[in-house]
Asks: 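Below is one structure. I have some questions about it.
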Protein chains: 2
Amino acid sequence: MPRKEGPKISRRAWITTTSGVIAAGLVRSQSDAIKLVAQEVPAADPTKVPGRLVSELGRRASAEQPKRLLRAQELSSSSRTPLADLMGTITPSDLHFERHHGGIPDIKFEDHELLVHGMVDRPMVFKMSDLMRYPQVSKVYFLECSGNGGGVYSQTRMPTEVTVQAMDGLLSTSEWTGVPVSTILREVGVRRGASWILAEGGDAAVLSRSVPLDKVMDDSLLAYGQNGERIRPEQGYPVRLFLPGYEGNANVKWLRRIEVTDRPTHTREETSKYTDPLGDGTIRQFSLMMDAKSVITFPSYPYVLPERGWWEIQGLAWSGRGRISKVEVSTDAGRSWVEAALQGPVLPKSTVRFRHLFEWRGRETIILSRATDETGYVQPTVQQLWEARGPATSYHQNHQRAWKIAAGGEVTFGLGDMV
Amino acid sequence: MPRKEGPKISRRAWITTTSGVIAAGLVRSQSDAIKLVAQEVPAADPTKVPGRLVSELGRRASAEQPKRLLRAQELSSSSRTPLADLMGTITPSDLHFERHHGGIPDIKFEDHELLVHGMVDRPMVFKMSDLMRYPQVSKVYFLECSGNGGGVYSQTRMPTEVTVQAMDGLLSTSEWTGVPVSTILREVGVRRGASWILAEGGDAAVLSRSVPLDKVMDDSLLAYGQNGERIRPEQGYPVRLFLPGYEGNANVKWLRRIEVTDRPTHTREETSKYTDPLGDGTIRQFSLMMDAKSVITFPSYPYVLPERGWWEIQGLAWSGRGRISKVEVSTDAGRSWVEAALQGPVLPKSTVRFRHLFEWRGRETIILSRATDETGYVQPTVQQLWEARGPATSYHQNHQRAWKIAAGGEVTFGLGDMV
């Protein structure tokens, strides 16, 4: 491991020498050294004053208030996870992304019922207390909206002032708890010839999706727990379908009905929406798998590197197909690549944090990452993706992301320079 | 897997037949079927009303408000995690246990400084922005107060109405992020002959502990992140010492000073407190390692099993020495034991959830669990612990916990029946 440069900015130096002009010029920076400018009155010595006592719930420090980025148009709304503010892989539940088509319904735990019917021997209605008596599973999985990144990348003229949150914040990771759907389907008895299910939500959109029975019987959950606690209303309280590695929209929230079928139902969300127009005039339907992807979260816009020296490039990588096998990082616009360190344990269908120490010598450059999963799939370049899929789709935009570091340290979205 | 009994309590039946007398008789039960009694007015169909839109932070359902159990005496205070309400292993950060000796100080991120000195070549002061530039590590670890369970078990007359939260709620699990202490000690250069450190907190108690240098250089962190976000004030914001597997008290919060020494400093918290009087009149000091332990979280007091049939016994197991290798469960007061299923991945120095399907036939019985870790250490019985350590200590009470299930389904703390 290269030895990084030691601390060079003395706090005293910043407080005594920084003028208002310099502070204004660095207003986009998140550097803590620079924040010190506003810190003029010395705080009381905390060892000389009694601290506050315990309370029923812990709370964040007043200066640490991460927020989601909101987009709301009547009943269609979304919130994006502040990926650049987070560490590790777990997303705090109140910062998990959301995407709603009919708003967040108010459902009582005791009232909720799940009907399982169709090509089954014994149609049944399950209350939550019934579902919670079955043997339980807890696993850490990522969840990503298939529209993640689409809003930025599908534009012909690429913007440069884009945060990771705005670009790829429809991605979060949680420890999900629930009962395997396979357990419930064995309880009702699936009939011969069945090959799909229809999953229907209890929200105002009655959001419905078809899912192959093989996937449902493999590793899918009726999830009622998230990061230790009961799932929150925004995530489908009291129960959602959880399909590890599949696009977010198919993970139907507020699940009230499963119909076992012998074909896909072709609902609105898999015909007019959540399909991928290809370059040849045909359309790709049921593109449920989230392909391998990675994104650098540090440094990213609007961070400004305050000095030359060693910096730890960090980011997240994930694949719906299983484990990430490697993440490579380029610090010279894609001319050369080196393998980043992966923070273990590397779990299947979960995010993994990658890290790479980089000595920035104060020159303009472009940094990129590319993920490879255990099936050998490699995260494509934007050119490869557009050649394969054409420019008309905004779903499944998993190509390599890039950031440009200017000579002054300013970091901006840099894909424009690659195309 | 045995087929569990299907849902037998129809919601309609409960609403129409349950009288006030029956409801009162079951007031301690957490059964969801029983909660239905209070649900008389049918809720509006959530598919027929628009839901609420997104907000900057997600929130729990109004009916789901887990709380910590508080004990506060002037500046000495604690809060206990509601273990029986949680699933999986991750503890939501606002439900992590706390134990403070001088209250929670109010420290500004930008003001905080860590002095590293003593037997080093280059004494240095680190600001938080300095610490955060070093290569980062994120790992899931448990944290447990060495007094956990002591308040209950050290009494000669055992209480029977005790929750898991009251008994063992000084235990939580998080994904911790920080810089290895070894990185910082290499930066300052540890001198020959050094063998301990003194860690000092910046709270009103100036809580200070000695830690062997070997442990510090092995896997200890200067932790500034917890479950994805910056560590909260209750957990040591902006930075705490984190010693995987060691007793909570030594994981000094609000860390402001590390002194490298050639011997332990013998502070108040390792002489008059946090030592174990043994039966022979001597005292065990620096008992920092948290030995293997397990606790059944379901069923536990005050739950009442509402009917005979298959129930999934669940709990948590952990060891400061590494991985849990097995957890055994007895459903006949310790006469026979069967190996429980462990929810993978089983991580070292973290909690693991164990599960065992149990057919309760409506007879009184006692259920227990015992954990074994990868070093071969087996969680002792209470008799074994008291023989080895005498009855005078309330620290490191890691012996087997038991619950009695009465013929009526009432679950109470059952250790008294074993002694």
Side-chain angles (χ1 to χ4, degrees), chain A residues 7 11 32-33 35-36 39 43 46-47 50-54 56-58 60-61 63-64 67-68 70 72 75 77 79 86-88 90-92 94 98 102-105 107-111 127-130 135 138 175 177 202-204 206 225 227-230 232-234 237 312 343 345, chain B residues 7 11 32-33 35-36 39 43 46-47 50-54 56-58 60-61 63-64 67-68 70 72 75 77 79 86-88 90-92 94 98 102-105 107-111 127-130 135 138 175 177 202-204 206 225 227-230 232-234 237 312 343 345:
Chain A
R11 179 183 153 209
D32 297 303
K35 284 187 188 166
L36 277 171
Q39 188 66 37
T47 66
R52 67 176 165 87
L53 296 188
V54 291
E56 284 176 338
L57 292 177
R60 295 185 171 107
E64 309 292 345
K67 288 183 174 62
R68 296 180 298 184
L70 308 182
L75 286 177
S77 61
S79 67
L86 300 183
M87 295 170 263
I90 294 292
T91 308
D94 62 356
E98 303 164 40
I104 305 158
I107 298 178
K108 300 262 182 305
F109 191 88
E110 295 85 353
D111 291 349
K127 294 178 298 161
M128 287 309 300
S129 53
D130 301 326
S138 296
E175 185 187 45
T177 294
D203 61 333
V206 195
N227 291 341
E229 60 185 52
R230 290 211 180 154
R232 295 182 176 213
E234 299 92 345
Y237 179 84
E312 190 175 63
Q343 175 71 66
Chain B
R11 177 184 153 207
D32 298 304
K35 284 189 189 166
L36 276 171
Q39 188 65 39
T47 66
R52 68 177 165 86
L53 297 188
V54 290
E56 283 176 337
L57 293 176
R60 295 185 170 109
E64 310 291 346
K67 288 182 173 61
R68 296 179 300 183
L70 308 182
L75 285 176
S77 61
S79 65
L86 300 183
M87 296 171 264
I90 294 291
T91 308
D94 62 358
E98 302 164 41
I104 304 157
I107 299 178
K108 298 263 181 306
F109 192 88
E110 295 86 353
D111 290 350
K127 293 179 297 162
M128 287 308 301
S129 54
D130 301 326
S138 296
E175 184 186 47
T177 295
D203 60 333
V206 194
N227 290 340
E229 61 185 52
R230 290 211 180 156
R232 294 180 176 214
E234 298 92 347
Y237 179 85
E312 189 174 63
Q343 175 71 67

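To find a chain, count down the sequence lines: A is the first, B the second, and so on, and within it residues start at 1.
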Asks: Among Arg52(B), Glu234(B), Glu98(B), who wins on heavy-atom pairs under 4.5 Å with chain A?
Replies: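 Maximum pair count with chain A is reached by Arg52(B).
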
Asks: Measure across Ala204(A) and Pro50(B) and return the closest heavy-atom pair with its distance rounded to 0.1 Å.
Replies: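 That would be CB-CA, 4.1 Å.
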
Asks: Can you tell me which of Pro92(A), Pro233(A), Ala61(A), Gly228(A) forms the most heavy-atom pairs within a distance under 4.5 Å of chain B?
Replies: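 When all of Pro92(A), Pro233(A), Ala61(A), Gly228(A) are compared, Gly228(A) has the most.
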
Asks: Looking at residues at least two apart in the chain, or sitting in another chain, which of them share a salt bridge (charged side-chain N to carboxylate O under 4.0 Å, His left out) with Arg60(B)?
Replies: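 In terms of salt bridge (charged side-chain N to carboxylate O under 4.0 Å, His left out), with neighbours along the sequence ignored, Arg60(B) is linked to Glu229(A), Asp94(B).
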
Asks: Run the salt bridge (charged side-chain N to carboxylate O under 4.0 Å, His left out) test against Glu56(B) and tell me which residues pass, sequence neighbours left out.
Replies: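 So Glu56(B) forms no salt bridge (charged side-chain N to carboxylate O under 4.0 Å, His left out) with any residue.
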
Asks: In terms of heavy-atom pairs under 4.5 Å, which option from Pro345(A), Gly225(A), Gly202(A) contacts chain B the most?
Replies: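 The answer is Gly202(A).
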
Asks: Heavy-atom pairs under 4.5 Å with chain A: which of Val54(B), Ile90(B), Val206(B) has the most?
Replies: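 The residue among Val54(B), Ile90(B), Val206(B) with the greatest pair count is Val54(B).
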
Asks: Between Arg230(B) and Glu64(A), is there a donor-acceptor pair closer than 3.5 Å when you use the side chain of the first and the backbone of the second?
Replies: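 No: the side chain of Arg230(B) does not pair with the backbone of Glu64(A).
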
Asks: Heavy-atom cut-off 4.5 Å, strictly under: side chain, backbone, both or neither for Ser79(A) against chain B?
Replies: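 Contact with chain B is through both the backbone and side chain of Ser79(A).
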
Asks: Could you have a look at Ile104(B), Thr91(B), Leu86(B) and say which one has the most heavy-atom pairs with chain A under 4.5 angstrom?
Replies: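 Most heavy-atom pairs within the cutoff with chain A belong to Ile104(B).
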
Asks: Check Ser77(A) against Leu53(B) and note the closest heavy-atom contact, atom names and distance.
Replies: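 Closest approach of Ser77(A) to Leu53(B), heavy atoms only: OG-CD2, 3.9 Å.
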
Asks: Given the options Ala63(B), Ala72(B), Gly102(B), which has more heavy-atom pairs under 4.5 Å with chain A than any of the others?
Replies: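 Option with the greatest count: Gly102(B).
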
Asks: Sort Ile107(A) into side chain, backbone, both or neither according to what part of it lies under 4.5 angstrom from a heavy atom of chain B.
Replies: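 Only the side chain of Ile107(A) comes within 4.5 Å of chain B.
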
